[in-house]
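One structure is given here, and the rest of the page talks about it.
Note: hydrogens, waters and symmetry copies are ignored here, and every other heavy atom, side chains too, is used.
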Amino acid sequence: MLIRILAIGIGGGSGAVLRYMIQEVLPSPIFPWSTLLINIAGSFLLGGVTSYLMNRNRGEILQLALGTGLCGGFTTMSTFSAEAVALMRESILLSGLYIECTVLGGLTAYFIGQHVFLGRRSGERG
């Protein structure tokens with residue numbers, strides 16, 4: 001149990017620091033581009049890395065560190081929510097666009113990540 005918690009903590013801390021660094025390098029005062037990029041990239045990594053590890057029956061600790069920890073600490077639902085509400089005060093259209101890009105972009109990135117990391121073509125199962 002302790003090793004699982006440590007794996008998640010190390011991965012989560014690394015993901016949060018990485019997110020902070022990206023938001024510092026890519027400030028987005030008008031539209032939250034950095035959060036959108038982070039959430040889509042995190043969805044891609046989560047789809048790819050966790051699918052790859054689970055498909056090859058790799059260690060649970062690595063899955064927890066990379067999936068729950070790194071990807072969970074890297075992506076941010078709370079910042080997305082706060083930015084969507086802040087944008088809503090400025091422009092319903094921009095807020096709707098942000099929400100749509102985040103949700104559809106995240107789902108698409110997760111799907112693409114699975115296929116890239118697993119090397120599958122559309123329609124293959126297993």
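A single hydrophobic cluster is seen to contain both Y52 and L66, as judged by linkage of ILVMFWY side chains at heavy-atom distances under 4.5 Å, directly or through other members. L70 and L62 fall within a single hydrophobic cluster, where Ile, Leu, Val, Met, Phe, Trp and Tyr are joined by side-chain heavy atoms under 4.5 Å apart, directly or via other members. Under the 4.5 Å side-chain heavy-atom criterion for Ile, Leu, Val, Met, Phe, Trp and Tyr, L26 and L18 are members of the same hydrophobic cluster. Cluster membership check: I99 shares its hydrophobic cluster with I40, using side-chain heavy-atom separations under 4.5 Å among Ile, Leu, Val, Met, Phe, Trp and Tyr.
Taking all atoms of both residues into account, the shortest heavy-atom contact from S95 to A84 is OG-O, 2.8 Å. Annotation for L87 and L94: closest pair CD1-O, 4.0 Å, computed over non-hydrogen atoms. Heavy atoms only, all atoms of each residue included: S34 and Q23 are closest at OG-CG, 3.7 Å.
Annotation: side chain of S28 is not in contact with side chain of T35 (no heavy-atom distance under 4.5 Å). You'll find the side chain of W33 reaches within 4.5 Å of the side chain of L36, heavy atoms only. Proximity of F117 to T50: side-chain heavy atoms (C-beta onward) are nowhere separated by under 4.5 Å. At a threshold of 4.5 Å between non-hydrogen side-chain atoms, the residues Y98 and T102 count as touching. V116 places a side-chain heavy atom less than 4.5 Å from the side chain of F44. For the pair F80 and T75, the minimum side-chain heavy-atom distance is 4.5 Å or more. Side-chain atoms of M21 and V25, non-hydrogen and from C-beta on, never get closer than 4.5 Å to each other. Using a 4.5 Å heavy-atom threshold, the side chains of L118 and R56 count as touching.
Taking OG1 of T79 as the start and CD1 of I38 as the end, the distance is 8.5 Å to the nearest 0.5 Å. Between E83 atom CD and T76 atom OG1 the span is 7.5 Å, to the nearest 0.5 Å. With rounding to the nearest 0.5 angstrom, the OG atom of S51 is 10.0 Å from the CD atom of Q63. For the atom pair L46 CG and T68 OG1, the distance stands at 8.0 Å (nearest 0.5 Å). For the atom pair CG (L37) and SG (C101), the distance works out to 12.5 Å, reported to the nearest 0.5 Å.
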